[in-house]
Amino acid sequence: MAGDHFKYRAFISYAHADEKWARWLHRSLETYRLPKHLVGQKTEFGEVPAKLAPVFRDRDELASATDLGEKLTAALEGAATLIVICSTASAKSHWVNEEILAYKRLGRSNRVFSLIVDGEPYSSGIPGEEDKECFPHALRYQLDDNGELTTERAEPIAADARPGKDGKANAKIKLIAGMLGLGFDDLKQRELHRRNRRLAFITVSAVVGMIFAIGLATMAVIARNEAERQRARAEVEAETARQTANFMIDLFAVSDPSEARGKSITAREILTKGAERIRSDLSDQPKIQTSLMDTIGKVYTNLGLYGDATAMLEDAVELRETLPGIPRQEYARSLYNLANAVVEQAEYDRAAPLYDRAQTILEEEGDELSPLHVDIVAARAELYYRTGEYALAEPLLNQVLQERLDLFGPEHPSVADAMEEVGLNFFDQGKMAEAESRLRESLDLRWKILGREPHPDIAENLNNLALVLMISGDLEKSEKLYEQTLAMNRELYSGAHPLTAMAMSNLARAYGVRNKYDAAEALYLDALAMQRELLGEEHPAVGLLITNLASNYYDKGDIDTAIATAKEALEVQQATIGNEHPTTAITLRLLGKLYNTPGNRAKAEEYLRAALAIQLEAMGADHPATAFTQIELADVLLKSGQIEEALQQARTGDEVLTAALSESNELTMRARGIHGAALQASGDLAGAEKLLLSSYELYSNNPNAKPSQLRQARQRLYALYSAWDKPDLAGRFAPRDS
């Protein structure tokens, strides 16, 4: 039966203890896109599809079932392959064993694949090592003609995700290759960022200059890095550069390039015209054709036109992979540029092997210290950021900074880029003082290099510094920097543009923090409309914007609208980045806060515990975002009567926030209030008094404090002194008629 005749591409069998692995695998398979070169190829398992969805994963009905049940039996019968997540837990699981047995009895033993996540295969036969077995019994042995297990050992096809083995990325590709009847090398080789986390873009006038420069880039690279080795090819490359430059000058001819700066609509029209000409007019000059495809693809990416970028760069990669005489460094650059484009579409699993392949090529060619190799290291750090693995990104970013200093010296834009990324990584890890210091350092260097005229890199740096100042509690300076960023982006880019939308969203947040809710809502809605136009309905950036809008509705007091909006955001995030990403945790935390009302606290607790689990795994216990979730959870637990755990969560969260943020920060003030209330509930009235007075004084002296926050701080002190039998002090904080 061909693969496309089945209802499911795969059935994932796993033990409950391996649910995290199952969620990762399910999401990775369903979001994986096959290289278009392979789609339609016929193998023993049918025709290679463009996508692997749907994949079946279910454990809901097993808790009370006595057999596999109709649903799981039907799913097994309808699955083209069975993937078993192998661990010490699954080796002991009755249900995993039954699923394997049932699937093999369908005559599909050759379609069973294994993902080893811990333990050791076949260790059950080694004395003293039995508990390390990771293969379930039905996986280890073959069936006889009657469908019963024999003592003849099977040899399961296995991918090994354990540390030091295949690793997650290669294990996934091995599974996909097996599922589709492809060779691993075939898929890996064919599958095979600029650091700009905040989408730094170029103006159209800069596009013109950049394209002309890229036309001559081969000569520049030769002169800088490989003069001796490339001398024999210099004349050929010079002619290619000359023809490329002439083509681009003709295509991008404008009377005054500076007047065109930032007009993305005009740029798209010009690029579309260029793309058509590249494909039609240059088919007999493949070297020039691929150079221009790569260039136009980069420009599409920089203008936020990611679908167009991906299509053009895929063509460039295909041609540079197959054409004779193309330097492998150019092929590596096309892979890198394609990876950057798919990163912006949140296809992180697709981007990683592209970066891997580009890096491997450069290392094989002896180019480990080239600027491109350094850029790829920076891009891999960016992937760690986008998947929430901040600590893993830090050593890579420090490596990038040092290598760029060695390559370019201390006064170079690439060095400023690296400084900024180090600063942002400090921010991601909750190290606010270090983050502010590095971001100011990078901004000063940019002013020195670029001057005071509007520039995308300066706008980005201002934006990121504003974010750090906001979290640190300097709200007035933060708002001014966000206003400056938005004005600069509007001057640089006209019409719909991701950077403009981002700047609008960030300024809206700054307005909201300072209680300007209507102004914030208007900006959020404009930014959301713009991002949907650019990115579609399902994109992580759209989901985060919806979360921010929901938070603004909460601050305004419109709880019902806030809940509906937050649920919409959660749906987008679950569909795009899954249930284990720190950004998803932000929305879960907001929902927990929204449901912290009488009759809904069990639901609030559920959301907050889910958010906390994600943040502890992704960011650790010392991150302010984790601590803030602990504070919100403590508030729910306190109101639910779970005093002991409430105090524990409040104390831990308060300590982290106090160490990381300023006293005037809204999070710090809220943490002290909830911690003080938990101390009171546990009977420590003196300890509660100290924290509650501190919280009240901070709110009283903060011009941006919300009236509801100050009122709650007074109520807590009134309740404390009333319970403490101190009527005079209680009277000072008695509820006011207003």
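Residue numbers count from 1 along this sequence. Remember, predicted model here, so these are calculated numbers, not experimental data. Just the heavy atoms: all of them, side chains too, but no hydrogens, waters or symmetry mates, feed the values below.
Between L638 and A681, the shortest heavy-atom contact is CD1-CB, 3.6 Å. Closest approach of P582 and I614 over heavy atoms only: N-CG2, 4.0 Å. The two residues N464 and E420 have their closest heavy-atom pair at ND2-OE2, 2.7 Å. Shortest non-hydrogen contact noted between A688 and G676 is CB-O, 3.2 Å. Residues A527 and M504 approach most closely at N-CE, 3.6 Å, considering heavy atoms. The minimum heavy-atom distance linking L637 with A646 is given by the pair CB-CB, 3.7 Å.
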Query raised in the report: Does the side-chain hydrogen bond (donor to acceptor under 3.5 Å, both in side chains) test come out yes or no for N548 and S551, once each step is laid out?
Result: CA-CA 5 Å; N548 292 340; S551 182; over 6 Å; no
Requested in this report: Go through E655 and R651 one step at a time and tell me if the salt bridge (charged side-chain N to carboxylate O under 4.0 Å, His left out) criterion holds.
Outcome: CA-CA 6 Å; E655 288 173 354; R651 179 184 293 118; 5.1 Å; no
**Report entry** Stepwise side-chain hydrogen bond (donor to acceptor under 3.5 Å, both in side chains) test for D558 and Y517
**Finding:** CA-CA 11 Å; D558 189 350; Y517 303 126; over 6 Å; no
Requested in this report: Just do the salt bridge (charged side-chain N to carboxylate O under 4.0 Å, His left out) check on D474 and K480 with the steps written out, would you?
Outcome: CA-CA 11 Å; D474 195 341; K480 288 180 179 178; over 6 Å; no
Query - side chain to side chain contact (heavy atoms under 4.5 Å, CB included) between Y384 and E394, intermediate numbers included - result: CA-CA 9 Å; Y384 282 134; E394 183 175 350; over 6 Å; no
Query - Stepwise side chain to side chain contact (heavy atoms under 4.5 Å, CB included) test for L647 and H675 - result: CA-CA 7 Å; L647 180 56; H675 187 188; 4.0 Å; yes
Report task. Show your working on side-chain hydrogen bond (donor to acceptor under 3.5 Å, both in side chains) between Y524 and D526 and close with a plain yes or no. Result -> CA-CA 6 Å; Y524 276 135; D526 287 346; over 6 Å; no
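Annotation: the span from H412 atom NE2 to I449 atom CD1 amounts to 7.5 Å, rounded to 0.5 Å. Q648 CD to T652 OG1: the interatomic distance, rounded to the nearest 0.5 Å, is 5.5 Å. In this structure, OG1 on T500 lies 5.5 Å from CE on M530, to the nearest 0.5 angstrom. Atoms OH and CG, from Y553 and L594 in turn, are 13.0 Å apart once rounded to the nearest 0.5 Å. Atom CD of Q630 sits about 6.0 Å away from atom CG of L616, to the nearest 0.5 Å. Rounding to the nearest 0.5 Å gives a distance of 12.0 Å between CD of E460 and CE of M488.
S694 places no side-chain N or O within 3.5 Å of a backbone atom of K690 that could act as its donor or acceptor partner. For the pair S437 (side chain) and E434 (backbone), a donor-acceptor distance under 3.5 Å is absent. No donor-acceptor distance shorter than 3.5 angstrom exists from the side chain of N596 to the backbone of A604, with no hydrogens or angles considered. Side-chain atoms of T629 come within 3.5 Å of backbone atoms of A625 as a donor-acceptor pair (strictly under, hydrogens ignored). Put simply, the side chain of N701 gets close to the backbone of E697: a donor and an acceptor are under 3.5 Å apart. Side chain of Y482 to backbone of L467: a donor-acceptor contact under 3.5 angstrom is found. Side-chain atoms of T626 never come within 3.5 Å of backbone atoms of D622 as a donor-acceptor pair (strictly under, hydrogens ignored). Checking side-chain atoms of T658 against main-chain N and O of D654 turns up a donor-acceptor pair under 3.5 Å.
Residues passing the ring-ring contact (aromatic ring centres under 6.0 Å, His included) test with Y595 are Y607, sequence neighbours excluded. Looking at residues two or more places apart in sequence or on another chain, you find no salt bridge (Lys or Arg N to Asp or Glu O under 4.0 Å) involving E606.
Donor-acceptor pairing under 3.5 Å is lacking for the side chains of T584 and N579. In this model, no donor atom of one side chain and acceptor atom of the other lie less than 3.5 Å apart for E521 and N552. One side chain, Q402 or D406, offers a donor N or O that lies under 3.5 Å from an acceptor on the other. T587 and Q573 share a side-chain donor-acceptor pair at under 3.5 Å.
Using a 4.5 Å heavy-atom threshold, the side chains of Q680 and D684 count as separate. Looking at L657 and R672, their side chains never come closer than 4.5 Å, going by heavy atoms from C-beta outward. Taking the side chain as every heavy atom from C-beta outward, L710 and S700 approach each other to under 4.5 Å. Within the 4.5 Å cutoff, side-chain heavy atoms of I546 are placed close to those of T565. Here the side chains of E644 and S682 are not in contact, with every heavy-atom distance at 4.5 Å or above. Looking at E537 and R532, their side chains come closer than 4.5 Å, going by heavy atoms from C-beta outward. Residues Q649 and L612 meet the side-chain proximity criterion, which asks for heavy atoms closer than 4.5 Å. Between R514 and E476 there is a side-chain heavy-atom pair separated by less than 4.5 Å.
Electrostatic pairing of K593 and D635 does not count as a salt bridge here, judged by no charged N lying under 4.0 Å from a carboxylate O. Using a cut-off of 4.0 Å between Lys/Arg side-chain N and Asp/Glu carboxylate O, R609 and E645 are scored as salt-bridged. The pair K448-E411 meets the salt-bridge criterion, since a charged nitrogen lies less than 4.0 angstrom from a carboxylate oxygen. Taking the charged nitrogens against the carboxylate oxygens, R589 and E632 have no contact shorter than 4.0 Å, which rules out a salt bridge. Taking 4.0 Å as the cut-off between side-chain N and carboxylate O, D417 and R446 count as a salt-bridged pair. A salt bridge is absent between E571 and K567; no separation between the charged side-chain nitrogens and carboxylate oxygens falls under 4.0 Å. Note on R601 versus E605: no salt bridge recorded, every NZ/NE/NH1/NH2 to OD/OE distance being 4.0 Å or above.
Annotation: K477, atom NZ; neighbour count of heavy atoms from other residues, nucleotides and ligands within 6.0 Å does not exceed 12.
Proximity of the aromatic rings of Y696 and F733 is defined here by a centroid distance below 6.0 angstrom, and this criterion is met.
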